[in-house]
Each structure stands twice: as structure tokens, then as C-alpha cells.
Amino acid sequence: MWTLVLNCGSSSVKVALLEPDTGAVAVTGLAERLGTAGAALRLDVSGERRVVDLGGGSYPAAFAALLAGLDELGLRAQVQAIGHRVVHGGEAFSTPATITPEVLDAIRACSALAPLHNPANVAGIEAAQQAFPALPQVAVFDTAFHQTMPEVAYRYAVPEAWYRQHGVRRYGFHGTSHAWVAQEAARMLGRPLTELNLVTAHLGNGCSVCAVQGGRSVDTSMGLTPLEGLVMGTRSGDVDPGLHDFIARQAGLSLDQVTAALNRESGLLGLSGLASDVRELEAAAGRGHAGARLALDVFVYRLARAVAAMAVALGQVDALVFTGGIGENSVTVRAATLARLGVLGAGVDDDANARAVRGTPGVISAPGRLTTLVVNTDEERMIARETARALEAGA
């Protein structure tokens, strides 16, 4: 089933037309800077790139250009289903859902939990429904994989009414990535996923770790929002909740301004005062930039601490899995993290670690140490698979 996978952000739409069973990809694309003068759609087909100026357009213009591009390439007729990445499904969705008016209303209702993401996801769904009115469409939720967490892992120690009336609990994110790499790790190890206790570390601009027991999420580092947990590109990760009131008073900021700063001006960028990109920070640290060195050290320390915490949820760890842009490519972050995880029996094979970059997966642990793998995530293919599964279940 050729599936068009759509990942709609506040100013961008990432697209891929692929076949979930084989992984064959017909086209990938990115519409970015939507709503600005620089709005454009880029389509990549067999190594050839086509760029379409959207003239400041938003979602409808992006989808119109996408349709025109698919028609020009002779691919529109191949599209049999559409899978949407939706960030927050709350407690309403523990599996993918075929989109109906009721499902769309439920996604809208979760917007208070993800105000930067769910409204954009809804806008993308509505535009796709107008562009492909006859095709089945499925929502695949970042949070759904983590709905198997036990209550002891997902509850906050806050007034009960906050949870019952407002849904204040830990939800977790990056679910499609954690699910995919857990399956791939089991395949690479030649063992049934149901028998494995894995810690998966998705490290990109957003970062999270997950404890995967028998293929089910039992704990993760992100919480009510994607701000909780690890240090990230521009997100702070864990901070004292009292920070909001303190810095609001001291710096004369509103709570909205504090939250915005924790999301957009903190993390690696805030610590380094230089950049949010690990590649830039590694280069700067090599030149002696103290802020870059501090940012990387804090990033690694917090990551190792979170991985060790996931061992509590699992009881034992059979393997640690790195994925995402940083996890798949930063030799130094992986080595430094494993150096801090001696308590779990971790150790790195420097040669194997150096080879596992630029799309090359593999085992990077030293012989006799905690099995550690680099696995390439493929969220688009996972969304396509989940879309097919939802449609089969509905049929």
C-alpha cells in the first residue's frame, strides 16, 4: 500500500510517499517557512530536487503544490492512503486511529496539551482531506506508544483533581521512533522483541529515552509536554518547577515568556551561548570554547543519568540503542555517554563506534560489555506501517 506520510508543523510540512513493507520510497519533500515570503516546497525524487515557490502560502498552497508535483511525476494515482503524524493523543488514543469527524474533534481537544503542535496537525489533516477527499487517512500519535506505562511511571505527585480534571500526567513523545528502533534492535540482535529489555535513546533537536520491555514502553523521559527530561537543542529539559515563579519575578517576565525561553532559548543553545547543533558545538569545543564544552558535558551527564534511571523500570538492561541525528552520528557523544555508564557494565569499541555514522548502523560496545547499538530511525516508514495496520483493523 503506497502511503503518503505527512508530518505537519507550525510552519512546515514534511512528506514522504513510500511502501511500508518494502521501504521503497517514491518521493520525499519538505514545505517550509509557510506563511512567509520565503515559503517553498522541495521535492526529492531519485536524487533530483525540485523547488516550488509558494509565494507566502500556508497549508492549502503547500498541498496544492504537492498535488501538482505528484501529478507531474505521475505519482498521484499511486497514493492509496495517508498517514499523519499527530503529536499528542492524550489518554484518548493508545493506537493509530482512522480519521473521522469524532477523531478529529478528539485531536482538537488535546490541543491544550500541545498548543504548538496539535493545531498544526489538525490544519494539515484538514488540508489533506480537501486535497485527497476519497482516500482513507490515519492519525499516528507520538504519545500512543507510551500509553502502556504503568500508573507508577506516568503519575505526577500533584493534587488528584489536576489529573482527573485536566489530564496532568506524563505522556511521553517520540513514540514512533522508539517503537521502530526497538523492533530494529531486536532484528539486529536476532532475538524476539518480546524477550528484550531495551533502553532506546532518541537524540536529535528533541531528545528522549525510553524503557522498552517486551516491546512495550514502561517509562520515558518526556512528560506532560516535550519540555521534560533530557537537555535538548533549545529546550532546557528538567528544571525546578519553582524556576518559573522565581525568574518571572527576578527578570520581570510573564509565565508565557519564561516557558518560551525554556523551549526556544535554553538547552545546548542556552548553555553554550553559541549554537544548538552538536556538530557546531563539538567543533567549537575542539577549539577551546568553554561554553560549548560545558553544554556537551551537561548533555552527556543528563543523558547517562536518564539511561541509568530507565534501568529501574526494566530491572535489567539487555541493550542500549542510540538513534536520531545525534545518536546516529555523534561518535563523541556516544563514547562519552558510555564512559559514564560503567554502573551498567557499558564500554565502547572505539573502532566500531567510529564506523557507525552517516547511516551505518551496528553494535558499538566492547566485547563483554553492555550491548550497545546504533540504529537508524525511520519514523516515516513506521507511520506508514501503523497506517496500514489501522486500516486493516478497521476493515
Checklist outcome for this item: Heavy atoms of P361 and N376 approach each other most closely as CD-ND2, 3.8 Å
Checklist outcome for this item: With sequence neighbours left out, the residues meeting side chain to side chain donor-acceptor pair (under 3.5 Å) with R76 are D71
Item to check | Student check: side-chain heavy atoms of L262 and H244 closer than 4.5 Å | outcome: yes
Next on the checklist: Please find the pair of heavy atoms, one from A248 and one from L255, that lie closest to each other, and give the distance.
Outcome noted: CB-CD2, 4.4 Å
Checklist entry - What orientation do F141 and F93 show, parallel under 30°, tilted 30 to 60°, or perpendicular over 60°? => result parallel
Item to check | side-chain contact (heavy atoms from CB on, under 4.5 Å) assessment of V181 paired with L373 | outcome: CA-CA 10 Å; V181 299; L373 303 89; over 6 Å; no
Checklist outcome for this item: The reported gap from CD1 in I125 to CD1 in I99 (rounded to nearest 0.5 angstrom) is 4.0 Å
Sequence neighbours left out, cut at 3.5 Å: what donor-acceptor pairs do the side chains of residues 54-70 make with other protein atoms?
residue: Y59; atom: OH; partner: G9; partner atom: O; Å: 2.0

Checklist entry - How long is the gap from OG1 on T387 to CD1 on I82, to the nearest 0.5 Å? => result 9.5 Å
Item to check | Exercise: do T377 and E379 side chains pair donor with acceptor under 3.5 Å | outcome: no
Checklist entry - Considering all heavy atoms of both residues, which atom of A186 and which atom of P192 are nearest to each other, and what is their separation? => result CB-C, 4.4 Å
Checklist entry - Which ring-ring contact (aromatic ring centres under 6.0 Å, His included) pairs, counting each pair once, include a residue from residues 280-339, with sequence neighbours left out? => result none
Next on the checklist: Can you tell whether the side chains of R389 and E392 come within less than 4.0 Å, N to carboxylate O?
Outcome noted: no
Next on the checklist: Suppose the criterion is salt bridge (Lys or Arg N to Asp or Glu O under 4.0 Å): which pairs have a residue in residues 246-264, not counting sequence neighbours?
Outcome noted: D245-R249
Checklist outcome for this item: What one should report as the nearest heavy-atom pair of L193 and A182 is CD1-O, 3.5 Å
Item to check | L320 vs L370 side-chain heavy atoms within contact, under 4.5 Å | outcome: yes
Checklist entry - Under a 4.5 Å cut-off applied to non-hydrogen side-chain atoms, are E380 and V25 in contact? => result no
Could you go through residues 200-210 and list every donor-acceptor pair under 3.5 Å that involves a side-chain atom there, pairing it with any protein atom two or more places apart or in another chain?
residue: T200; atom: OG1; partner: H178; partner atom: ND1; Å: 2.7
residue: H202; atom: ND1; partner: S177; partner atom: OG; Å: 2.7
residue: S208; atom: OG; partner: H174; partner atom: ND1; Å: 2.8
residue: S208; atom: OG; partner: H178; partner atom: NE2; Å: 2.9

Checklist entry - What pairs with F145 under ring-ring contact (aromatic ring centres under 6.0 Å, His included), at least two apart in sequence or on another chain? => result none
Checklist entry - What distance do S221 atom OG and E228 atom CD have between them, rounded to the nearest 0.5 Å? => result 7.5 Å
Checklist outcome for this item: R287 meets the side chain to side chain donor-acceptor pair (under 3.5 Å) criterion, sequence neighbours left out, with none
Side chains of residues 304-318: which donor-acceptor pairs under 3.5 Å do they make with residues two or more places apart or in other chains?
residue: Q316; atom: NE2; partner: D318; partner atom: OD1; Å: 3.0
residue: D318; atom: OD2; partner: N197; partner atom: N; Å: 2.8

Checklist entry - After noting the C-alpha distance and the side-chain angles of E386 and T176, does the key distance pass the side-chain contact (heavy atoms from CB on, under 4.5 Å) rule? => result CA-CA 9 Å; E386 293 287 79; T176 52; 5.5 Å; no
Next on the checklist: Are the side chains of M149 and V218 in contact, using a 4.5 Å heavy-atom criterion?
Outcome noted: no
Item to check | Pairs satisfying side-chain hydrogen bond (donor to acceptor under 3.5 Å, both in side chains), at least one member in residues 325-347, at least two apart | outcome: E282-S330, E282-T332, T323-E328, S330-T332, R334-N353
Item to check | Residues which pass side chain to side chain donor-acceptor pair (under 3.5 Å) with R369, listed by chain and number, not counting sequence neighbours | outcome: none
Next on the checklist: Show, in sequence, the C-alpha distance, side-chain angles and deciding distance for L224 and L113, and conclude whether the side-chain contact (heavy atoms from CB on, under 4.5 Å) test is met.
Outcome noted: CA-CA 7 Å; L224 175 72; L113 295 169; 3.6 Å; yes
Checklist entry - Considering only heavy atoms from C-beta outward, does the side chain of M232 approach that of R302 to under 4.5 Å? => result no
Next on the checklist: I need the full list of side-chain hydrogen bond (donor to acceptor under 3.5 Å, both in side chains) pairs touching residues 132-144, with sequence neighbours left out, sorted by first then second residue.
Outcome noted: H84-Q137, R85-D142
Item to check | Beyond-backbone contact of Y156 with R170, side-chain heavy atoms, under 4.5 angstrom | outcome: yes
Next on the checklist: Quick check: H88 with F173 (ring centres under 6.0 Å apart)?
Outcome noted: yes
Next on the checklist: To check you understand the geometry: which heavy-atom pair defines the closest contact between A81 and L135, and what is its length?
Outcome noted: N-CD1, 4.5 Å
Checklist entry - Going by heavy atoms in the side chains, are V87 and N121 under 4.5 Å from each other? => result yes
Checklist entry - Under 3.5 Å, side chain of D44 to main-chain N/O of G29, donor-acceptor pair present? => result no
Item to check | M222/H146 under side-chain contact (heavy atoms from CB on, under 4.5 Å): CA gap, chis, key distance, verdict | outcome: CA-CA 10 Å; M222 284 181 167; H146 303 297; over 6 Å; no
Item to check | Flag side-chain contact, heavy atom, 4.5 Å: T3 against V138 | outcome: no
Checklist entry - How far does CZ of R42 sit from OG1 of T28, to the nearest 0.5 angstrom? => result 7.0 Å
Item to check | Closest non-hydrogen atom pair between A319 and L189, with its separation | outcome: CB-CD1, 4.1 Å
Checklist entry - Measuring from L43:CG to L73:CG, what's the distance to the nearest 0.5 Å? => result 6.5 Å
Next on the checklist: Nearest 0.5 angstrom please: E91 CD to C110 SG, how far?
Outcome noted: 9.5 Å
Next on the checklist: If the condition is side chain to side chain donor-acceptor pair (under 3.5 Å), which residues does E184 pass it with, not counting sequence neighbours?
Outcome noted: R187
Checklist entry - Would L30 and V5 show up in the same hydrophobic cluster when neighbours are defined by side-chain heavy atoms closer than 4.5 Å? => result no
